[in-house]
Undergrad: 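Dumping the structure here so I can ask a few things about it.
Quick caveat, the model's predicted, so the values are computed rather than measured.
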Amino acid sequence: MKNKKTRISMILILFLTVMISSCGKQSVNQSDFSADEIKSACHTIEIGGLTCAGLKNDGTVLVAGNNISTNMSDNISAWNTIVAIAQGGSHTVGLKNDGTVVSAVFRSEDDHGQCNVSDWKDIIAVSAGESHTVGLKNDGSVVAVGYNTDNQCDVSDWKDIAFISAGDYHTVGIKKDGTVIATGKNLNGQCDVSKWSNIVAVSAGDNYTVGLKNDGTVVTTIDKSDCDITDWKDIVAVSAGTYHIVGLKSDGTVIAKFKNGGRDYGQCDVSNWSDIVEISAGSSFTIGLKSDGTVVATQIKYDYLDLGQSKVSNWKNIQLPK
């Protein structure tokens with residue numbers, strides 16, 4: 001009888017061991033995340049406010065839109081060997097192929113130090129906010145310059161970062177483990193991203209943040225009642241505009257959703273777009289890069305808001321994202 005009880009006990013122990021081992025393996029698989037899933041933070045088209053920037057195949061840069069002075073235009077037209085661009089609310093930034101950075105401000109009165117990037121090196125991605133510039137270094141650290149009233153440039157202690165995005169007055173980064181960090185103005189909860197996981201791309205808007213998960217779904221700091229995007233799927237890129245969110249689907253089509261309280265300037269009229277490989281959302285319009293290197297833009301419903309940005313529809317030979 002004793003031997004029988006011993007055998008039963010051994011069988012129970014073996015069964016429990018197998019169950020615990022299986023549960024452990026299942027848990028690991030569910031939480032598994034690879035840094036290789038994180039998207040590139042480098043852009044070849046981008047809107048900042050009412051201004052657009054585009055990177056051409058030859059490494060030069062085009063700009064169109066609001067408040068572009070002749071001096072700034074001449075400055076940017078001389079840029080070369082650019083591999084990525086960022087467009088802020090008051091300045092344009094270019095990442096060169098040697099890891100250094102160039103920048104130009106619209107007008108002298110817009111200068112808050114956001115163009116003080118001449119000493120940067122080993123940079124692999126750049127992002128521009130309203131009046132600050134952020135750079136991701138090849139060692140996973142981050143640098144930032146410019147307007148810092150809301151601590152949007154306080155990134156000196158960040159490490160293991162794989163993706164950056166600068167909003168108007170906040171900065172967001174994805175760590176290599178798929179979690180997210182943010183600093184800066186948080187009046188509307190735009191920095192409340194500490195609980196996010198499995199994030200492969202982020203877009204920091206004016207007062208909110210959008211995150212793309214590795215399963216193709218999207219999260220945002222905006223309350224669901226203000227902008228419900230929980231039904232979005234098969235998304236490969238996101239962009240946060242002032243009044244709307246744009247998503248690029250895996251089949252090259254595009255979807256967009258208004259934020260409650262946002263004005264309709266036609267910025268969400270993207271349902272007929274196709275063959276899109278990159279997107280950018282601005283304050284009153286949206287642009288998309290097609291696979292043939294041309295650019296499409298939503299038509300602004302009010303002529304007084306078109307300050308030249310519609311010219312992007314004439315752009316061609318724009319570099320495709322890597």
Side-chain angles (χ1 to χ4, degrees), residues 43 45-54 63-68 87-90 129-130 165 167-170 185 187-190 201-212 217-249 251-290 294-315:
H43 300 286
I45 58 166
E46 193 162 52
I47 305 173
L50 291 171
T51 305
C52 304
V63 288
N66 188 31
N67 294 329
I68 300 174
Q87 182 59 56
S90 60
E130 177 64 28
S165 181
D168 277 9
Y169 300 103
H170 71 295
K185 192 172 185 177
L187 186 63
N188 297 96
Q190 55 263 53
V202 290
S203 181
D206 59 339
N207 59 7
Y208 68 102
T209 302
V210 180
L212 173 63
T217 60
V218 180
V219 292
T220 177
T221 57
I222 304 173
D223 189 85
K224 181 180 177 180
S225 61
D226 290 325
C227 188
D228 187 4
I229 53 176
T230 55
D231 60 341
W232 284 15
K233 59 182 180 179
D234 299 324
I235 305 298
V236 295
V238 290
S239 186
T242 303
Y243 303 113
H244 67 304
I245 301 173
V246 183
L248 173 62
K249 302 196 72 171
D251 62 0
T253 60
V254 180
I255 54 177
K257 191 76 177 280
F258 281 110
K259 290 166 53 183
N260 278 354
R263 295 187 62 183
D264 182 3
Y265 299 109
Q267 63 266 52
C268 290
D269 296 341
V270 296
S271 59
N272 63 338
W273 288 8
S274 61
D275 299 320
I276 304 297
V277 295
E278 187 169 357
I279 51 172
S280 186
S283 60
S284 56
F285 65 107
T286 303
I287 61 175
L289 174 61
K290 294 180 69 75
T294 60
V295 178
V296 291
T298 55
Q299 185 175 357
I300 300 174
K301 292 183 177 181
Y302 307 99
D303 291 339
Y304 70 90
L305 280 174
D306 189 348
L307 302 172
Q309 62 269 35
S310 62
K311 292 179 181 178
V312 299
S313 297
N314 297 322
W315 287 359

Undergrad: Can you tell me how far apart CH2 (W315) and CD1 (I287) are? Round to the nearest 0.5 Å.
TA: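 So the CH2 of W315 and the CD1 of I287 are separated by 6.5 Å.
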Undergrad: Take atom NZ of K249 as the centre, draw a 6.0 Å sphere, and report whether it contains more than 12 heavy atoms from other residues, nucleotides or ligands.
TA: yes
Undergrad: Any side-chain heavy atom of V277 sitting closer than 4.5 Å to one from K290?
TA: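 Not touching, per the 4.5 Å side-chain cut-off.
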Undergrad: So does Q267 get a backbone contact from the side chain of T286, meaning a donor-acceptor N/O pair under 3.5 Å?
TA: yes
Undergrad: Testing I222, V202, V218 for side chain to side chain contact (heavy atoms under 4.5 Å, CB included) with V210, which one passes?
TA: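 Of the listed residues I222, V202, V218, the side chain to side chain contact (heavy atoms under 4.5 Å, CB included) partner of V210 is V218.
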Undergrad: The criterion is salt bridge (Lys or Arg N to Asp or Glu O under 4.0 Å); which residues satisfy it with K259, sequence neighbours excluded?
TA: D206
Undergrad: Would the distance check show the side chain of Q190 and the main-chain N or O of K185 forming a donor-acceptor pair, the cut-off being under 3.5 Å?
TA: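 The answer is yes, because a donor-acceptor pair under 3.5 Å joins these two groups.
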Undergrad: Scan for salt bridge (Lys or Arg N to Asp or Glu O under 4.0 Å) pairs involving residues 218-231, sequence neighbours excluded, and state none if there are none.
TA: none
Undergrad: Using only atom types and a distance under 3.5 Å, with no angle test, would you say the side chain of N260 pairs donor to acceptor with the backbone of S225?
TA: yes
Undergrad: Which atom pair, heavy atoms only, marks the closest approach of A281 to S239?
TA: N-OG, 2.9 Å
Undergrad: Does the S280 side chain pair with the main chain of I47, one donor and one acceptor, at a distance under 3.5 Å?
TA: yes
Undergrad: Minimum heavy-atom separation for A256 and V270, please, with both atom names.
TA: CB-CG2, 3.9 Å
Undergrad: With sequence neighbours left out, what residues match A53 under side chain to side chain contact (heavy atoms under 4.5 Å, CB included)?
TA: V63, I85, Q87, T92
Undergrad: What residues form a ring pair (Phe, Tyr, Trp, His ring centres under 6.0 Å) with Y169, not counting sequence neighbours?
TA: none
Undergrad: Rounded to the nearest 0.5 Å, what separates atom CD1 in I235 from atom CG in L248?
TA: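 Here the rounded value is 7.5 Å.
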Undergrad: Tell me the closest heavy-atom pair linking A64 and K311, and the distance in Å.
TA: CB-CB, 4.4 Å
Undergrad: To the nearest 0.5 Å, tell me how far L289 CG sits from H43 NE2.
TA: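 Answer rounded to 0.5 Å: 12.0 Å.
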Undergrad: For D264, which residues count as a salt bridge (Lys or Arg N to Asp or Glu O under 4.0 Å) partner, sequence neighbours excluded?
TA: K301
Undergrad: Over 60° means perpendicular and under 30° means parallel, so classify the ring planes of Y265 and Y302, tilted if in between.
TA: perpendicular
Undergrad: Is it the case that the side chain of T209 and the backbone of A204 share a donor-acceptor pair, with hydrogens and angles ignored and the cut-off at 3.5 Å?
TA: no
Undergrad: Taking all heavy atoms of Y208 and all of T242, pick out the closest pair and write down the distance.
TA: CE2-O, 4.3 Å
Undergrad: Roughly how far, to the nearest 0.5 Å, is OG of S313 from CD of Q299?
TA: 9.5 Å
Undergrad: What residues form a salt bridge (Lys or Arg N to Asp or Glu O under 4.0 Å) with K233, not counting sequence neighbours?
TA: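 Counting only residues at least two positions away or on another chain, K233 forms no salt bridge (Lys or Arg N to Asp or Glu O under 4.0 Å).
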Undergrad: Which value, rounded to the nearest 0.5 Å, describes the distance between I255 atom CD1 and C268 atom SG?
TA: 10.5 Å
Undergrad: D234 versus D251: any side-chain heavy-atom pair under 4.5 Å?
TA: no
Undergrad: Please lay out, stage by stage, how L187 and N207 fare under the test side-chain contact (heavy atoms from CB on, under 4.5 Å).
TA: CA-CA 8 Å; L187 186 63; N207 59 7; over 6 Å; no
Undergrad: Please confirm whether the backbone N or O of E130 pairs with a side-chain atom of S90, one donor and one acceptor, at under 3.5 Å?
TA: yes
Undergrad: Donor-acceptor pair, distance only, cut-off 3.5 Å: does the side chain of T298 make one with the backbone of F285?
TA: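 The answer is no, because no donor-acceptor pair under 3.5 Å joins these two groups.
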Undergrad: With the side chain counted from C-beta on, respond yes when I245 and C227 share a heavy-atom pair under 4.5 Å apart, and no when they do not.
TA: yes
Undergrad: Please round to the nearest 0.5 Å and tell me the distance separating atom OG of S284 and atom CG of L50.
TA: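 Separation between the atoms: 5.0 Å.
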